[in-house]
Amino acid sequence: MKRTKRAAAVLACVLFFAMLLSVLFIAHESQHDCTGANCSVCMKIDACENALKNISGAVAAAVTLAAVCFVFVRTLAGAAVLCVSPTPVSLKVKLSD
């Protein structure tokens, strides 16, 4: 469990820095002197924009999946409480025969 949390934290940091560096690169190179159709800076800006779109789509999908799982688990937990039948122990009945 601890290893999974650590891996998730590392992955979150990598995604955060990838998004941050992409945004910073786009902001820094937005006013570059374009050389034309085969401008390498424009190609890198396009690659950064595509990376941002892919990362944001993946994050949105993960958040949606987590929300659906949370609602599903909460619904099952509520239904399980309703399905439990009373027992002498849960009713605190003393059986002293």
Side-chain angles (χ1 to χ4, degrees):
M1 187 71 167
K2 188 175 183 180
R3 188 176 209 169
T4 305
K5 287 183 180 181
R6 183 175 294 154
V10 169
L11 181 62
C13 288
V14 168
L15 288 174
F16 173 74
F17 282 115
M19 291 179 73
L20 178 67
L21 292 175
S22 294
V23 168
L24 290 176
F25 179 78
I26 292 170
H28 182 264
E29 295 294 336
S30 63
Q31 299 296 325
H32 74 280
D33 293 328
C34 189
T35 59
N38 292 327
C39 180
S40 63
V41 176
C42 289
M43 288 183 199
K44 290 176 186 173
I45 289 174
D46 287 338
C48 287
E49 288 174 350
N50 288 336
L52 287 172
K53 287 178 190 174
N54 291 337
I55 290 172
S56 64
V59 169
V63 168
T64 303
L65 180 65
V68 167
C69 288
F70 178 75
V71 169
F72 182 70
V73 168
R74 294 288 281 180
T75 304
L76 284 180
V81 170
L82 296 175
C83 294
V84 175
S85 60
T87 64
V89 173
S90 67
L91 296 174
K92 298 183 179 179
V93 174
K94 186 176 182 181
L95 301 173
S96 53
D97 282 342

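This one's a predicted model, so the numbers in the text were calculated from it and none came from an experiment.
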Worksheet entry | Gap between atom SG of C13 and atom CG of L20 - 0.5 Å precision | 12.0 Å
Fill in: Atom pair CD1/CG of I26 and L21 - distance to nearest 0.5 Å
11.0 Å
Item to complete: Of all the heavy-atom pairs spanning E29 and I45, show the shortest one and how long it is.
Response: O-CD1, 3.6 Å
Fill in: Single-linkage hydrophobic cluster V63~L52, side-chain heavy atoms < 4.5 angstrom
yes
Worksheet entry | Heavy-atom side-chain proximity of V93 to L95 below 4.5 angstrom | yes
Fill in: Inter-residue atom distance F17.CZ - S22.OG, 0.5 Å rounding
13.0 Å
Worksheet entry | Same apolar cluster: F25 and F16, side chain cutoff 4.5 Å | no
